[in-house]
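Structure first, then comments.
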Amino acid sequence: MDTDLTAREIKDIRTRYGLSQQAFARVLGLGEASIVRYENGQKPTRANANLIRAAKNPSFMRDCLERDGNRISPMQRDRAEQIIYAEVTFNEKGDVMDINELYSLTLQQEILNEKAAEMLGDLSRMRREAEDRGDAASAMVYEDVERQLALAKWSILDSHSETEVAEVRGQIDGLMRFALTRKAKAA
């Protein structure tokens, strides 16, 4: 997964919960000056980028507020809680996901996203090789699989459960198997 978050994305995540820069930093356990720098264009470290990215998930923020909500003003905490509790993520059983479940889900999403990016690179190389061989039919197949994989890649981060991530993983694996079968037949 790309570790770069734009200043705009960071500000959007923060303002989604109605938090000031100071409150957002305190709830996440980051330095207050760090959020200011990040929103002014400085790139966060990989760990901080992952932490801020995790803050997109309302359940993660709920857990952060439960742990460190006393570090911000009651007004900001109340506003953030109203937004968060309206958007919390539930697992397959209908229970609110805890921080460990969220971490596991986020980790699975990142791993699958990196795998899909590698596969897109492989497909691009396979398409170029087919074009160089003059195999227009295979090149078209690889191009179509690239498009389908790119669409599946978008749905990785929209997956809200391990089951949904597994379904996307199955789609991605199936697309790659299809492309590899085509490659074997063309050889």
Side-chain angles (χ1 to χ4, degrees), residues 1-14 16 28 38 41-61 63 87-187:
M1 175 175 272
D2 186 8
T3 59
D4 291 342
L5 283 172
T6 67
R8 180 82 236 159
E9 289 171 317
I10 294 168
K11 184 175 182 178
D12 288 347
I13 294 167
R14 175 181 62 79
R16 171 183 178 191
L28 291 180
Y38 300 157
Q42 183 178 338
K43 299 292 182 196
T45 64
R46 183 181 192 111
N48 286 354
N50 286 337
L51 183 62
I52 294 167
R53 195 176 285 111
K56 288 181 184 179
N57 189 307
S59 293
F60 177 83
M61 284 298 291
D63 289 344
E87 298 182 10
V88 291
T89 302
F90 297 92
N91 63 19
E92 287 94 353
K93 298 175 189 172
D95 299 325
V96 174
M97 295 177 80
D98 67 21
I99 197 161
N100 293 324
E101 291 172 310
L102 289 171
Y103 177 77
S104 176
L105 178 62
T106 302
L107 184 60
Q108 288 179 39
Q109 289 170 324
E110 285 192 38
I111 291 168
L112 186 56
N113 197 37
E114 287 179 13
K115 179 181 179 181
E118 288 176 22
M119 289 177 168
L120 282 168
D122 291 343
L123 283 164
S124 179
R125 181 183 40 77
M126 290 165 59
R127 180 178 41 81
R128 282 192 314 271
E129 289 172 357
E131 290 170 348
D132 291 346
R133 286 191 319 269
D135 185 355
S138 291
M140 285 187 344
V141 167
Y142 300 142
E143 184 177 4
D144 187 50
V145 172
E146 278 182 271
R147 284 190 196 117
Q148 296 300 315
L149 183 56
L151 291 172
K153 192 174 181 300
W154 279 105
S155 62
I156 293 170
L157 297 179
D158 287 335
S159 301
H160 299 291
S161 69
E162 291 184 5
T163 301
E164 290 178 11
V165 171
E167 289 171 359
V168 176
R169 182 181 300 111
Q171 292 172 352
I172 289 171
D173 288 344
L175 288 165
M176 197 61 189
R177 277 193 305 276
F178 177 74
L180 291 173
T181 300
R182 176 65 188 201
K183 183 178 181 182
K185 287 180 181 180

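Note that these values count all heavy atoms, side chains included, but never hydrogens, waters or copies made by symmetry. Given the structure is predicted, the values throughout are model-derived calculations rather than measurements. The chain is numbered in sequence order, starting from 1.
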Q: Would you mind reporting whether T106 and E110 have side-chain heavy atoms less than 4.5 Å apart?
A: yes
### Query
Given D12 and E9, is the side-chain contact (heavy atoms from CB on, under 4.5 Å) satisfied, shown in steps?
CA-CA 5 Å; D12 288 347; E9 289 171 317; 5.6 Å; no
Rounding to 0.5 Å, atoms CD (Q108) and OG (S161) come to a distance of 9.5 Å
Side-chain contact test, heavy atoms from C-beta onward, threshold under 4.5 Å: evaluate it for M61 versus R16 and give yes or no.
no
Interatomic distance, CG@N57 vs CG@L105, rounded to 0.5 Å, equals 7.5 Å
A side-chain contact here means heavy atoms from C-beta on lying under 4.5 Å apart; do F178 and V141 qualify?
yes
Practice problem: Taking the side chain as every heavy atom from C-beta outward, state whether L28 and F60 have any pair of such atoms under 4.5 Å apart. | Solution: yes
Contacts satisfying side chain to side chain donor-acceptor pair (under 3.5 Å) that involve residues 177-187 (not counting sequence neighbours) are S138-R182
Note: A116 and L149 closest approach over all heavy atoms is O-CD2, 3.9 Å
Here the gap from E146 atom CD to D122 atom CG, rounded to the nearest 0.5 Å, amounts to 10.5 Å
Quiz item: For residues S159 and Q109, is any side-chain donor paired with an opposing acceptor at under 3.5 Å?
Solution: no
Those residues at least two apart in sequence (or on a different chain) that pass side-chain hydrogen bond (donor to acceptor under 3.5 Å, both in side chains) with Y38 are N48
With sequence neighbours left out, the residues meeting salt bridge (charged side-chain N to carboxylate O under 4.0 Å, His left out) with E167 are none
Rounded to the nearest 0.5 Å, the OG1 atom of T6 sits from the NZ atom of K43 at a distance of 7.0 Å
For A179 and M126, the nearest pair of non-hydrogen atoms, with its separation, is O-CE, 3.6 Å
Residues at least two apart in sequence or cross-chain that pass salt bridge (charged side-chain N to carboxylate O under 4.0 Å, His left out) with R169, listed by chain then number, are none
In I111, V165, I172, the residue satisfying side-chain contact (heavy atoms from CB on, under 4.5 Å) with I156 is I172
Applying salt bridge (charged side-chain N to carboxylate O under 4.0 Å, His left out) to D173 and not counting sequence neighbours gives K115
Checklist entry - Under the side-chain contact (heavy atoms from CB on, under 4.5 Å) criterion, do M176 and V145 qualify, and how do the steps go? => result CA-CA 8 Å; M176 197 61 189; V145 172; 5.8 Å; no
OG of S155 to CD of E164, rounded to nearest 0.5 Å, is 9.0 Å
What one should report as the nearest heavy-atom pair of R133 and A186 is NH2-CB, 4.1 Å
In terms of heavy-atom contacts, I10 and P44 come closest through CD1-CG, 4.2 Å
Salt bridge (charged side-chain N to carboxylate O under 4.0 Å, His left out) filter on R128, not counting sequence neighbours, yields none
